[in-house]
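Shown next, in structure tokens, is the structure this report addresses.
Protein chains get the first letters and strands the later ones, always in sequence-line order, with residue 1 at the start of each.
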Amino acid sequence: MTNKINIQVKIGKLILKNPVMTASGTFGYGLEFEKFFDLGKLGAIITKGLSLNPVKGNPPQRIVETPAGMLNAIGLQNIGIKNFISEKLPLLKKYKTPIIVNVYGRKVDEYIEVADILNDTDVAGIELNISCPNVKRGGLQFAADKKAVEKIINRIRKKYKKTIIVKLSPNTGNIEDMAIHCERCGADAVSLINTIVGMAIDIKTKKPVLANVFGGLSGPAIKPIALAAVFKVSKKVKIPVIGVGGIMNYKDALEFMMAGATAVQIGTANFIDPLTCVKVIKDLQYYLKENKIYDINKIIGAIKLE
Amino acid sequence: MTNKINIQVKIGKLILKNPVMTASGTFGYGLEFEKFFDLGKLGAIITKGLSLNPVKGNPPQRIVETPAGMLNAIGLQNIGIKNFISEKLPLLKKYKTPIIVNVYGRKVDEYIEVADILNDTDVAGIELNISCPNVKRGGLQFAADKKAVEKIINRIRKKYKKTIIVKLSPNTGNIEDMAIHCERCGADAVSLINTIVGMAIDIKTKKPVLANVFGGLSGPAIKPIALAAVFKVSKKVKIPVIGVGGIMNYKDALEFMMAGATAVQIGTANFIDPLTCVKVIKDLQYYLKENKIYDINKIIGAIKLE
Amino acid sequence: MLNQGKVVFNRKLNNTIYYLRIKVPISFKAQPGQFINIKVSDDYVPLLRRPFSIFNHERGFIDILYKVVGNGTKKLSNKKREDILDFIGPVGNSYVDFFYEDEFKEKNIYLVAGGTGFASIHFFARWLLRKKIKFKLFYGAKNKKEIFQRFCKNFDVLIATDDGSCGKKGLITSFINGDKDTIIFCCGPQTMLKTIQSIKAYKKIASFESYMGCANGVCLSCVIKINKGKEFDYARVCKEGTVFDLDDVIII
Amino acid sequence: MLNQGKVVFNRKLNNTIYYLRIKVPISFKAQPGQFINIKVSDDYVPLLRRPFSIFNHERGFIDILYKVVGNGTKKLSNKKREDILDFIGPVGNSYVDFFYEDEFKEKNIYLVAGGTGFASIHFFARWLLRKKIKFKLFYGAKNKKEIFQRFCKNFDVLIATDDGSCGKKGLITSFINGDKDTIIFCCGPQTMLKTIQSIKAYKKIASFESYMGCANGVCLSCVIKINKGKEFDYARVCKEGTVFDLDDVIII
Ligand SMILES: Cc1cc2nc3c(=O)[nH]c(=O)nc-3n(C[C@H](O)[C@H](O)[C@H](O)COP(=O)(O)OP(=O)(O)OC[C@H]3O[C@@H](n4cnc5c(N)ncnc54)[C@H](O)[C@@H]3O)c2cc1C
Ligand SMILES: Cc1cc2nc3c(=O)[nH]c(=O)nc-3n(C[C@H](O)[C@H](O)[C@H](O)COP(=O)(O)OP(=O)(O)OC[C@H]3O[C@@H](n4cnc5c(N)ncnc54)[C@H](O)[C@@H]3O)c2cc1C
Ligand SMILES: Cc1cc2nc3c(=O)[nH]c(=O)nc-3n(C[C@H](O)[C@H](O)[C@H](O)COP(=O)(O)O)c2cc1C
Ligand SMILES: Cc1cc2nc3c(=O)[nH]c(=O)nc-3n(C[C@H](O)[C@H](O)[C@H](O)COP(=O)(O)O)c2cc1C
Ligand code: FES
Ligand code: FES
């Protein structure tokens, strides 16, 4: 019975065996989850944001819990793209799960250099993080800068043959406009939303709780905002939209798919229950079966208006 | 002892006996709370958004709870400014609390007409709601339209002698830019944030939970976002900033004041505990006493960086 | 209005339905049709209070009868004897506001309860009983488990269940024959109320439920549509209601 | 790694400190210095798990000793016998990884515990005891109430409290005289660890706490600074730690 149910979805040229991906920064480089489940079950693994060279990140305190959410200001600590390729990628190859590298650059050129390096590997795609709210120095808010985004996508598109996803944020500018812009520039898909700029103050010390002052809000608290963004953007672009923000279970995932998302990413939930992704995949299958829906693609954008 | 502690703050020409206001739309026209406490204790009462003529509002379902928050799409149902003045205002006069009328217009002219009408009353000020995410028809997102905002403030400023507050949202455009813009145009203060656009889908019916599809997110979930907005805007403008978003107790209020808010508004919390405002006022006094801070103005912007 | 009371008991009656008694001051007074708005959690999840009809009220206590449908009611079901419950109420108007003893003297009074709508109807039935006013109770639910006969001992009651496991089989509304001398008081799912709209009667009075933010008349979330000639008005279930003249209401 | 266990008891030891025992499968193995990351709520508030050192572990159970400081620990304190606790662990490295029996033979082994830092030190003390390795325990806290002498019966222990209500009066660190033959294992507030950095010793090994998101090495939230010549590196307390060579750590 389950065999007859199709849960494959397509993101650009990339076929995913199911629509569940891990959200960047919440799944490390994947390997830490080997002890919890078979990584081969995932639709895709999106790595922690990688830059050309290793980045130390922000000083601690780097996170703080907020009502039904959390703020993080990791500051994109990462081992650098080359170390990733030499140390992590070989260990990930054995899983039949596409690896998508989340890329962060301080300058336009850095994105392009990283993409160039990835061209020679067998990662399945790149996700361009142009919307991280947590980098102070050089932390260009590309998310509001259409020209920079155009440059990045155009130049990568020229050489890079595989899937390009652009990750958007609701922090600056109009997310629908930016999504349309990314589509025009040649992106294969957009993923949204990245975390939302937030802050917390310790009233005892009068200091910001996070050393970086600002952090990005994630978790269930932001789900309604993410869902509205996905719904709006899905109506405006033809390329697939990947929904992310506060997904904790298959019901949340369904909301995003009904709103128009072709796939979903699960972030903060991985911290709370490391099995969230596999549970969502299983539960989605069960839901489809129960409701006699034999193709998950029928759920995408299935929202009924009026 | 308590007598020696000053908790007065100033918003433009307006002196508030304490910095705690009710947020528009969560306190009706004030009178419904008479049974819970003496309205004379409040720093200010901000009314439900009023327009020139009565407005029916959106069809139900109008609200839905979300993790640590709620979405509302009331659609600005209100009795119209004239009914407010004839029916409600006389009953509010006996309290020594400034009444601030939250004004909503479908067009630029409507704001001005309502302000003109208020000029002849003894309301203490107006709060221009240019950022409501819940009005479909004619629901101009003034929050992103600098020219319209300029027109509204300029023309009201010319005639209107009392305090003008402009309520901003993080939904569109850059909230700091807009705050600076409002200051230049002659606003006495800005209040932020209004609710954030969000959405929920009922996966059983596949329909949006709210008849209006979108709603505004409020409550503790948005506190970190509101706090970051208040902190950023406070650094950019000289006029007072009024902090609103997810304040549930005096600790939250302190965070906003430390971030730079001169006063705070309490919204969703009124639904959960109708005594929230008076509790916050009392607890703030207690906090000041305990910490030997004899003037609440010393808390404003008291955040320590580095 | 803002009240606190100790839980006397919180009994599980079947898989999902609980019977909760709260000790209240002797000065506490409530009328049938009114409800209370309970703080079910000290946390921000669930955030809002939850409204429940008063199922029974006598000097010094109130009872509610509730079904666990989501997180809020689940939280409520975890309350234990001696726990303190914070609630607002009584809220809303009452069936009694629509009850004119003289006018109704020669009429047949029907009470119709569907599902947990039984709660407020039960309180009203006890009120009528105490006043020695005759009535007939129509009581419908999904199945036997959701029918609480123990609370109907002193009533003239007709029961119907969807599956016939208790009383008649079918919708309770299909067993009501109204006429110009019938007065109906009802509470239950909107579909039931809609059906009752088409039953002939002298008067039909219904208590409504809706999604509530404040239960204090200020958030304007709980509105239903009220006929006003060609137009309509929104009325707040928590303030103008919960009890309305059923013919005035536009049920969608 | 993902585990579930039943609460055996959850005793209140004083105003704020609790002693919790969880039944675990006999196959469960943990080392002193390791911790578990407990899901304290089924709701989204608190959202994240909460980390606690293993205070004691024998075949079939683990104990933790925790202080109620906020909402998460309050939730934990409400758990009752037979409740099922969902936890991840054991997580992190161990004091044992830094214990070289031969090398340490002729040295004085000092264990230093401050406040709830006593939890992991206690587990390590029991480990040493079982191995018949001699050590001296320095145990400091605010006052008598926060000192748990009942768990120190078999140890050679020196106690100090801020107010002198139990043992010596003053900071526990002021009673430690180190020398080149002293080996210190410690756990407690950062200020205590910082003071210990300036005590002379052959080796100083410390277990650290920090604000954790995942306790699984992926979120990079729990980092502390590690000396690396002129540079520094961030190390994850949940992965490279919690136990570090104290001299390597830059405490701010
Ligand atoms: C005036 C009034 C009186 C009521 N009296 C009773 C009663 O006596 N006994 C009883 O069992 N229930 C009663 N209800 C319904 C009860 O309030 C809801 O079932 C409860 O609030 C659901 O909370 P939850 O957190 O468990 O569910 P949620 O997780 O919030 O929601 C679960 C489901 O319940 C629905 N729901 C949520 N709120 C309401 C609501 N206010 N009305 C109807 N459906 C809702 C949601 O749409 C959803 O489908 C009454 C409601 C009102 C407005
Ligand atoms: C590896 C490790 C082992 C620990 N072992 C123990 C133990 O054996 N016994 C014990 O009582 N406590 C221990 N803690 C601390 C314990 O995890 C925190 O006290 C707890 O998470 C606070 O949760 P809360 O929701 O009650 O407080 P919150 O409301 O989250 O916070 C209240 C206060 O506690 C602080 N806090 C929050 N999280 C931590 C944290 N991870 N570390 C230190 N302070 C924190 C906050 O900054 C705040 O000031 C340990 C922490 C770590 C990282
Ligand atoms: C600790 C943490 C680190 C993150 N790091 C990255 C990152 O490196 N690159 C990126 O594009 N997004 C990053 N994100 C954002 C997530 O991928 C995701 O967009 C966001 O958390 C919302 O989803 P969630 O609510 O499911 O967590 C990070 C999020 C968290 C919580
Ligand atoms: C039910 C509801 C109705 C509201 N109506 C208005 C309104 O009429 N005008 C306005 O400017 N803001 C309105 N708001 C926004 C609030 O004033 C406030 O900005 C927002 O709710 C955030 O604060 P909170 O988290 O404390 O609720 C409304 C909010 C709610 C929840
Ligand atoms: S529930 Fe708020 S007005 Fe009725
Ligand atoms: S807590 Fe996430 S890396 Fe240590």
Scan residues 50-79 of chain A for pairs that pass ring pair (Phe, Tyr, Trp, His ring centres under 6.0 Å), counting only residues two or more places apart or in two chains.
none

Please look at A/Phe36 and chain D and tell me whether the side chain, the backbone, both or neither of the residue comes under 4.5 angstrom of a heavy atom of that chain.
side chain

For A/Ala68 versus D/Val45, what's the shortest heavy-atom pair and its separation?
N-CG2, 3.7 Å

By ring-ring contact (aromatic ring centres under 6.0 Å, His included) - contacts of A/Phe256 (at least two apart)
none

When heavy-atom pairs shorter than 4.5 Å are enumerated against chain D, which of A/Ala269, A/Pro59, A/Pro67, A/Gly25 gives the highest number?
A/Pro59

Which atom of A/Ile272 lies closest to which atom of D/Leu47, heavy atoms considered
CG1-O, 3.3 Å

Short donor-acceptor contacts under 3.5 Å linking chain A with chain D:
| residue | atom | partner | partner atom | Å |
| --- | --- | --- | --- | --- |
| A/Lys35 | NZ | D/Asn216 | OD1 | 2.9 |
| A/Lys56 | NZ | D/Glu231 | OE1 | 3.1 |
| A/Lys56 | NZ | D/Phe232 | O | 2.9 |
| A/Arg62 | NH1 | D/Leu220 | O | 2.7 |
| A/Glu65 | N | D/Tyr211 | OH | 3.1 |
| A/Glu65 | OE1 | D/Leu48 | N | 3.1 |
| A/Glu65 | OE1 | D/Arg50 | NH1 | 2.9 |
| A/Glu65 | OE1 | D/Arg50 | NH2 | 3.3 |
| A/Glu65 | OE2 | D/Leu47 | N | 2.5 |
| A/Ile272 | O | D/Arg49 | NE | 2.6 |
| A/Ile272 | O | D/Arg49 | NH2 | 2.9 |

Just wondering, more than 12 heavy atoms not from A/Tyr286 lying within 6.0 Å of its OH?
no

Side chain / backbone / both / neither for D/Ile88 at chain A, heavy atoms under 4.5 Å:
side chain

Qualifying salt bridge (charged side-chain N to carboxylate O under 4.0 Å, His left out) pairs, either residue in residues 66-76 of chain A, two or more places apart:
none

